[in-house]
Amino acid sequence: MFKFKTSHEKTKEAMSKAINGDWENHAEEKVKNLTNHEKVIFTNNGNAAIFMALSAVGEDLLVPDQGGWHGFKQIGKKLNKNITQIKTNKGLINPETLSEYKDCSLILTSFAGYTAKQDLKNISKICKENNIILIEDASAGIGDKKREVGWGNYSDIILASTGSPKIINVGAGGFLSTSNPELFENLKILEKVTKTNEIILAGIDSELDFVEKNLEVTVNANTYLKNNIDNVIHQGNEGVNVIIQHDNPKAYSWSLKDALPIEKKSFVTTCPNYNRVKTKAVCIEIKNLDYESLSKENLDLIIESCNTL
């Protein structure tokens, strides 16, 4: 059985003892080390973090035309932002396309559609030149040892959900980080409204101890799949899921669900889907699996099923 991801046992133990302990300060220092940002605010969920981030910036907002998170547009509309969808290569942003924009904000995810790492270094360079505030949803990219995503040298605001099934997998909560004093003051205005509790903070503090290893194992397993499955989108790029182009994604997805011992159906999803790609395709959501399920035997079963069905 492919087990669905759950919190680490030490995380569950820490959450049960959460009433005693300075969890917020512990977790804050760990987030600072991961993001290289100076300030951190914890929230009760990921959408609250997005809401705070978008509330802290101006009216003009850029979002990718696919491969982002639908909450970017939904929350942006609620905040009366002027939203522009920028053209991408199946979610991947070409930094040069940002040259025509100035004095605005851009929100994106570390991995386009969870399947391909954004070129944050060069995206950030153009953003800095054009006074574009770069907001990165690093829910799937936090803990990147290469410091290519989830890294404060590139993004002005980094946010993450710590709900399930995320890389920091507590079941609830989230956070934002920044080193920009003005942005931090704007973010703090809503801190009391979105603040989380000690139990969630204890869980975040514990899960942060495993985040770098969790992401590394997930990316490595996903790369192995992408290198051995036919018709994969963004095959040469790192990610945490596999997106396979297919003319009949609904039928193909049901065949895969029948062939694979899946504990929960959200392991296999279909496109077109703004959160992934606007192409007929099937997604294998490796990021949702428990790390013990990412064995070579299980990965080879996925490869065989994808290539033969």
Side-chain angles (χ1 to χ4, degrees), residues 1-5 64-70 85 87-94 108-119 137 139-141 144 148-149 164-167 214-309:
M1 175 64 68
F2 291 177
K3 293 174 61 181
F4 200 71
K5 185 187 296 181
D65 64 356
Q66 58 189 298
W69 171 243
H70 63 80
Q85 294 192 51
K87 187 173 182 178
T88 67
N89 172 21
K90 294 184 174 66
L92 280 178
I93 294 173
N94 179 348
L108 48 67
T109 51
S110 304
F111 296 100
Y114 285 116
T115 203
K117 187 179 280 186
Q118 296 280 10
D119 182 5
D137 182 341
S139 299
D144 179 27
E148 293 174 341
V149 294
S164 182
K166 298 297 189 297
I167 297 298
N214 289 350
L215 182 59
E216 182 179 39
V217 168
T218 304
V219 169
N220 288 345
N222 204 66
T223 298
Y224 178 70
L225 292 178
K226 290 177 81 170
N227 288 341
N228 290 282
I229 294 175
D230 300 331
N231 301 318
V232 169
I233 291 174
H234 298 312
Q235 187 165 33
N237 198 321
E238 290 183 345
V240 292
N241 73 7
V242 181
I243 303 181
I244 307 161
Q245 294 188 103
H246 200 279
D247 290 337
N248 192 343
K250 186 174 181 180
Y252 185 43
S253 70
W254 281 111
S255 296
L256 288 173
K257 289 173 184 178
D258 288 339
L260 298 173
I262 302 167
E263 186 178 51
K264 293 189 178 182
K265 297 302 181 184
S266 58
F267 175 59
V268 179
T269 61
T270 60
C271 297
N273 180 349
Y274 174 79
N275 296 340
R276 300 298 184 265
V277 292
K278 291 180 177 178
T279 301
K280 287 184 177 181
V282 168
C283 304
I284 311 296
E285 304 289 349
I286 297 304
K287 66 180 181 61
N288 291 359
L289 285 185
D290 184 82
Y291 304 104
E292 292 182 2
S293 292
L294 299 178
S295 64
K296 187 176 185 300
E297 179 183 4
N298 285 346
L299 297 178
D300 286 339
L301 176 58
I302 294 171
I303 291 168
E304 181 184 4
S305 300
C306 289
N307 288 339
T308 57
L309 291 173

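Scope of the values below: all heavy atoms of this structure, side chains included, with no hydrogens, waters or symmetry mates. Nothing here was measured: the structure is a model prediction, and the numbers come from that model.
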From [atom1] ([X]) to [atom2] ([Y]), nearest 0.5 Å:
X: Ile262; Y: Ile284; atom1: CD1; atom2: CD1; value: 7.5 Å
X: Lys257; Y: Ser305; atom1: NZ; atom2: OG; value: 14.5 Å
X: Leu294; Y: Lys296; atom1: CG; atom2: NZ; value: 14.0 Å
X: Thr115; Y: Phe111; atom1: OG1; atom2: CZ; value: 9.5 Å
X: Thr109; Y: Trp69; atom1: OG1; atom2: CH2; value: 10.5 Å

Using the test side chain to side chain contact (heavy atoms under 4.5 Å, CB included), find all partners of [X] that sit at least two apart in sequence or belong to another chain.
X: Asp230; value: Asn307
X: Asn222; value: Lys226, Val242, Ile286
X: Ser255; value: Leu309
X: Glu297; value: Ser295

Task: Donor-acceptor contact present, side-chain Gln118 to main-chain Gly91, <3.5 Å - done: yes
Task: Side chain Ser253, main chain Lys250, donor-acceptor under 3.5 Å - done: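 Present.
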Taking only residues two or more places apart in sequence or in another chain, which ones pass salt bridge (charged side-chain N to carboxylate O under 4.0 Å, His left out) with [X]?
X: Lys117; value: Asp144, Glu148, Glu238
X: Glu304; value: none
X: Lys87; value: none

Closest heavy-atom pair and its distance - [X], [Y]:
X: Ser266; Y: Thr269; answer: O-CG2, 3.7 Å
X: Pro249; Y: Val282; answer: O-CG2, 3.3 Å
X: Ala281; Y: Ile233; answer: CB-CD1, 4.5 Å
X: Ala140; Y: Ile167; answer: O-CG1, 3.7 Å
X: Ile244; Y: Cys306; answer: CD1-SG, 3.7 Å
X: Gly113; Y: Ile243; answer: O-CD1, 3.9 Å

Open item on the list: Just to verify, which of Asn227, Ile229, Asn228 counts as forming a side-chain contact (heavy atoms from CB on, under 4.5 Å) with Leu225?
Closed with: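 Exactly one candidate clears the test, Ile229.
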Open item on the list: Could you work out, with side-chain hydrogen bond (donor to acceptor under 3.5 Å, both in side chains) as the rule, every residue matching Thr218, not counting sequence neighbours?
Closed with: none
- [ ] For Thr88, enumerate each residue passing the side-chain hydrogen bond (donor to acceptor under 3.5 Å, both in side chains) test, keeping only those at least two apart in sequence or located in another chain.
- [x]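 Partners of Thr88 by the side-chain hydrogen bond (donor to acceptor under 3.5 Å, both in side chains) criterion, ordered by chain and then number, come out as Asp65.
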Task: side chain to side chain donor-acceptor pair (under 3.5 Å) partners of residues 272-281, not counting sequence neighbours, each pair once - done: Arg276-Glu285
- [ ] Using the test ring-ring contact (aromatic ring centres under 6.0 Å, His included), find all partners of His234 that sit at least two apart in sequence or belong to another chain.
- [x] none
- [ ] Report the residues that fulfil ring-ring contact (aromatic ring centres under 6.0 Å, His included) with Tyr252, sequence neighbours left out, ordered by chain and then residue number.
- [x]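 Applying ring-ring contact (aromatic ring centres under 6.0 Å, His included) to Tyr252 gives His246.
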Open item on the list: Any non-hydrogen side-chain atom of Tyr224 less than 4.5 Å from a side-chain atom of Ile303?
Closed with: yes
